[in-house]
Amino acid sequence: MSLDRELFYRHVAQTSDAPIGIEVARAEGIYMYTPEGKRYIDLISGVTVSNVGHSHPAVVEAVSRQAARYMHLMVYGEYVEAPQVRYAQLLSSLMPEGLDNVYFTNSGSEAVEGALKLAKRHTGRSETVCMRNAYHGSTHGALSLMGNESFRYAFRPLLPDVRAIRFGCEADLDLITQRTACVILDPLQCENGLVKASSSYYAQLRQRCTEVGALLVFDEVQTAFGRTGSMLYAEQTEVVPDIVVLAKALGGGMPLGAFIAPTALMRDFTTNPPLGHITTFGGHPVSCAAGKAALEVLLNGGSPLWHEAQRKGNLYVDALQKHPCVRAVRSAGLFVAVDLESEETYWRLLDRMRVNGLVTDSFLYKLNSFRIAPPLTISDEQIAESIELLLRSLDEM
Ligand code: PMP
């Protein structure tokens, strides 16, 4: 065992008894390399973070340029820092109409907390409605919205006044009432294994929120930045939320989160009480510079890389759905969930994939399923290579 591996298990706090445990010396594009030179194809993208691949030269350059100019100067929102301002402007230009004010945070969880607080402050109400089988983060507020009891029972009491309804169930929309401050959902349920609702559901959800005066919050932490074939998954639902939550790919590989709302709504954070949400490192200038550089790579001079996401995703779907070990395949853009017979089958496949130089992961609530979400920059040749290795791994099980 290498010294670093030994120290990893001794001094770095573990989140499970079975960490992936690959030792990475270097990563570039879709590849990760161990100190011994073994190469892995990354089919997770750090959980939909590295949409432009690892250490993209444009992002590396933006990071080093900004780090040399200045790093942290002051807590969030006090100084005019060009990387933040310019990134907020670019993001606003890509959001649904009206969502033009960006609050930068450190992480997705913190952005969720901010969105919940803003909804409470704006409506003067306390109830939050979330969806069963949703995941919104691990801080106390976000954990309270986790649509799966097994991960949260040990941390009670959590936030009061949270009601979980069934995702996609139109009858449950009546449970959204004039007591509800906001409804929060990931409009494509990622950790449930990529589950979509019908377009009439999203329309009725929007209508119900408007009727009762509840804010609609879309958590697009995993789905944004082209992963599902459009800048936001919201575009595919044809619904405009009141608040959008972003993180993961937002920082281009650096830590960054954000919630985005109309200026008039966000202004509620400035009074009664002022400083409605305070963060020291939120919107760190180096993270903002990295995120903006990554987004510019994705925008690709007017021909966004995500226009290819669906076609690329379909290459995996077509190749895998015929395999006898595969039970079902769901996808959105270059985000594919592959169901196997059981969790035990998944673990056996994971071993074969590891040997064959592929990295994947299951979904939090769907343990018989694995994800395929490589960087959006993956070429057709690299897709063909990874499909060959996937099929070989399935055959070897
Ligand atoms: N929302 C969703 C949909 C997520 O997938 C995650 C992270 N997996 C979060 C929120 C929380 O983000 P973070 O881990 O950056 O706090």
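Fair warning: this is a prediction, and the values are worked out from it, not measured in the lab. As the structure lists them, so they are numbered: ligands from 1, and atoms in each ligand from 1.
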(message) Applying a strict under-4.5 Å side-chain criterion to I, L, V, M, F, W and Y, I'd like to know whether Tyr87 and Val49 cluster together.
(response)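 Unlinked, Tyr87 and Val49 end up in two clusters.
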(message) Tell me whether Arg166 contacts the main-chain N or O of Arg132 through its side chain, where contact means a donor paired with an acceptor under 3.5 Å.
(response)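 Between the backbone of Arg132 and the side chain of Arg166 there is no qualifying donor-acceptor contact (under 3.5 Å).
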Any idea which atoms of ligand 1 are less than 4.0 Å away from a heavy-atom of [X]?
X      : value
Asp219 : 1 (N), 2 (C), 3 (C), 10 (C)
His136 : 1 (N), 9 (C), 10 (C), 11 (C)
Ser107 : 15 (O), 16 (O)
Ser109 : 11 (C), 12 (O), 13 (P), 16 (O)

(request) Check Glu191 against ligand 1 and report side chain, backbone, both or neither, counting heavy atoms closer than 4.0 Å. (result)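 Glu191 to ligand 1: no contact under 4.0 Å from either part.
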(request) Classify the ring geometry between Phe335 and Phe363 as parallel (under 30°), tilted (30 to 60°) or perpendicular (over 60°). (result)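 Ring orientation, 0 to 90° scale: tilted.
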(request) Evaluate the ring planes of Phe259 and Tyr103, with Trp represented by its six-membered ring, and classify them as parallel (under 30°), tilted (30 to 60°) or perpendicular (over 60°). (result)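 If you compare the ring of Phe259 with that of Tyr103, the planes turn out parallel.
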(message) Between the side chains of Glu191 and Arg371, is the shortest nitrogen-to-carboxylate-oxygen separation below 4.0 Å, so that they form an ion pair?
(response)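 Answer for the salt bridge query: yes.
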(message) One thing to verify: whether Arg311 and Asp380 come together as a salt bridge, which I'm taking to mean a side-chain N less than 4.0 angstrom from a carboxylate O.
(response)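 Between Arg311 and Asp380 there is a salt bridge, with a charged N closer than 4.0 Å to a carboxylate O.
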(message) Within a 6.0 Å radius of atom CE on Met71, are there more than 12 heavy atoms belonging to other residues, nucleotides or ligands?
(response)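 No, the 6.0 Å shell around CE holds no more than 12 heavy atoms from other groups.
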Please state which protein non-hydrogen atom is closest to [atom] and give its distance, to 0.1 Å?
atom                    : answer
atom 8 (N) of ligand 1  : Lys248 NZ, 2.9 Å
atom 15 (O) of ligand 1 : Gly108 N, 2.9 Å
atom 5 (O) of ligand 1  : Gln222 NE2, 2.9 Å

(message) For Val47, state whether at least one heavy atom is located under 4.0 Å from any atom of ligand 1.
(response)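 For ligand 1, residue contact (heavy atoms, under 4.0 Å) with Val47 is absent.
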(request) Please confirm whether Gly137 comes within less than 3.5 Å of ligand 1 when only nitrogen or oxygen atoms on both sides are compared. (result)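 Between Gly137 and ligand 1, no N or O pair is found under 3.5 Å apart.
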